[in-house]
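The structure appears below as structure tokens.
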2 protein chains.
Amino acid sequence: MTVTLADVAARARVSPATVSRVLNGNYPVAASTRERVLRAVDDLDYVLNGPASSLAAATSDLVGILVNDIADPFFGIMAGAAQTQIGGPGDGSGRAGGEKLAVICNTGGSPERELTYLTLLQRQRAAAVVLTGGAVESPAHQAAMAAKLAKLADAGTRIVFCGRPPLPEGDALVAALAFDNRGGGRRLTEHLISLGHRRIGYVAGPPERTTTRHRLEGHREALRAAGLEDFPAGGGTAGGPGADGDRLVVHGPYDRRSGYEATLELLRRAPDVTAIVAANDTVALGACAAVRDQGMRIPQDISVAGFDDLPFSVDAVPALTTVRLPLFEAGARAGRLAMGKENPPPGGIATIAAELMIRGSTAAPRS
Amino acid sequence: MTVTLADVAARARVSPATVSRVLNGNYPVAASTRERVLRAVDDLDYVLNGPASSLAAATSDLVGILVNDIADPFFGIMAGAAQTQIGGPGDGSGRAGGEKLAVICNTGGSPERELTYLTLLQRQRAAAVVLTGGAVESPAHQAAMAAKLAKLADAGTRIVFCGRPPLPEGDALVAALAFDNRGGGRRLTEHLISLGHRRIGYVAGPPERTTTRHRLEGHREALRAAGLEDFPAGGGTAGGPGADGDRLVVHGPYDRRSGYEATLELLRRAPDVTAIVAANDTVALGACAAVRDQGMRIPQDISVAGFDDLPFSVDAVPALTTVRLPLFEAGARAGRLAMGKENPPPGGIATIAAELMIRGSTAAPRS
DNA sequence: CTGTTAGCGCTTTCAG
DNA sequence: CTGAAAGCGCTAACAG
């Protein structure tokens, strides 16, 4: 029923090996032969058996792209961009040729799923894996990840981080594109301070994420530099890294609802805040809604700022002050790195600049 | 270097066949033996060779999810939901067991890429394929799709449509979950008409998409029912299906920018429109921006409505009147269908209801 | 440039 | 319930 390479070989009156060679295009074949083979392929409507080919070649054309939440455009944009550099499209040949199959895997932010997907990808002998977005910092998970990635790497899988800092052990195996979350966070808060804000609330992401920590650290650097750090330096009572007793920081997931609720909580704890910085734009939207529902105006009564500069942020009313991350460019570059089309940055790690976007949602506090 | 099933068998003092059986859990194995095997697997840190297994079994554990634009939450939400029903997660076993690898493929809305991805998935002997969102209606592409899907289907790949109408030939091979775009579009425009609007502009999606056509048809049904259809019934001069001479309809891609520009164009053509219906929420955001940049207020000077009810729509100011599509639920159901966990709807096709969400961006026209 | 020959690592009858 | 053996369809040396 199903056409095999041998069938094609028979019809083209060549050996299977030759068919394989023209299909893979990695070996000299006479033009006339190649043409005959190609015709046979078309006539028979032959489709290569991927598993067989991967088994024999000990490598597949799968490239995995791991994301924390594919419903979030932050990841959608990066993943889509990476796929443009990897996927079947570019070659325009119509017939699927030497393309890789770029696939996006949604971990939902769960460390277990991240590991599971990695195992699944390892099982498929993936050609490369791109890990996007913030990592979970629990030591156990980091160790497990390092071990798994090492295994993948020496099975020949290329590893690329995109928008994620390299692992502590700094495997040379990995090319990393890290966003300057700390610098962006710092500049954002500096902006608020320069506007005259002194009590600034912060709606942070989940405490165990690198992204959360870095952005928050930047925020605190700015506060400290301005002598505004009014919380205990050594952290507070809650457990885990980054925990602290600061009444002006509330943690929660990276979603709108969390932004809404955390903001309400913040306003309850400190009704005198004049500005709120959100972990990202989505959270900021929730924060805006909460602020409004409390009968306050943005930015007259309270300023709100986000992070990422997602497409909808400019359309918020007022437009959201935020920090732009070049998500598309970073994703595309990660895709190229995964394909080996581009050389890794010196030292294996590149820091991607974050640009402050000042818009209407922030202004000087009243009086 | 790499551990094989034979190694595990040796260590567990059983035959390779037995190891295979415990791993696949589809055959009776003595509890003690199974345990011994499992321990050997752990000791050796064995990972199944996917290609080899797929080759032997003539089927893989890959499930493809095709989307038009993964940067758009419309697709991100559906795809993510589908993955929750398919991916490695649910079983919680830690070790990757019987899971499928659900992968998202971003076609960018290009028919060629759609076909290419299908070929790639066919090559991988995918267990199932989920196609999401609107289809391109060109007859050539439809024919190519039908042929390709037929081939996939009889290679044992399960096919599921999600948010896409079944193909004209209505293959019984396919389970389809279609959104009621026409009904939703109709109710939305009826709402506007009931508010008193008579000149309603429409920023439509790309003309060749099913989604675009259905939503627009619903809009026209409503206009016609109210006797407001002021354009030539038979269509106008532009080429292609769905083209018409209606000055109040402008087509463009499903993105914010298109919404912005098309709205400007609309306002130029017909400065007297009192309401604008957008192809979807993203487009609506662009439309809102354009309206504001023209110095008009929403909804006092002009009403704006969207479609989809994406998460950010409720946060627009004023909140967007739109049509809610149960994207998550539909995606999850599609995932279940793809896994064979749920029976296909009677007749192979289910229509998913669309719910009108009336919010602040629409109001009665002035005077 | 092209054919021959071995496997790649697993699943699956078929016996026991 | 378990083992033995025969491929699955392709690639990759090696010879020509």
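Sequence lines set the chain letters: A, B, ... in the order given, protein chains first and strands last, and positions in each chain run from 1. As the structure is a computational prediction, the values presented were derived from the model and not from experiment.
Taking the side chain of A:S15 as heavy atoms from C-beta on, and the options C:dC1, D:dT2, C:dT4, the nearest nucleotide is C:dT4. The side chain of B:L55 sits closest to D:dC8 out of D:dC8, D:dG3, C:dC8.
Every residue was checked against the salt bridge (Lys or Arg N to Asp or Glu O under 4.0 Å) condition with B:R34, not counting sequence neighbours, and none meets it. Taking B:R21 as the reference, B:A17, B:T18, B:Y27, B:V29 meet the side-chain contact (heavy atoms from CB on, under 4.5 Å) condition, with sequence neighbours excluded. With sequence neighbours left out, the salt bridge (Lys or Arg N to Asp or Glu O under 4.0 Å) criterion links B:R333 to B:E342. Remark: B:K341 engages no residue in a salt bridge (Lys or Arg N to Asp or Glu O under 4.0 Å) (not counting sequence neighbours). A:D7 meets the salt bridge (Lys or Arg N to Asp or Glu O under 4.0 Å) test with no other residue; sequence neighbours excluded.
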query: Can you give one letter per nucleotide of nucleotides 11-16 of chain C, going 5' to 3': B for a protein heavy atom under 4.0 Å from the base, S for sugar-phosphate only, - for none?
result: SBB---
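A residue-by-residue look at B:T33 and A:N49 shows that B:T33 has its nearest nucleotide of DNA chain D further toward the 5' end.
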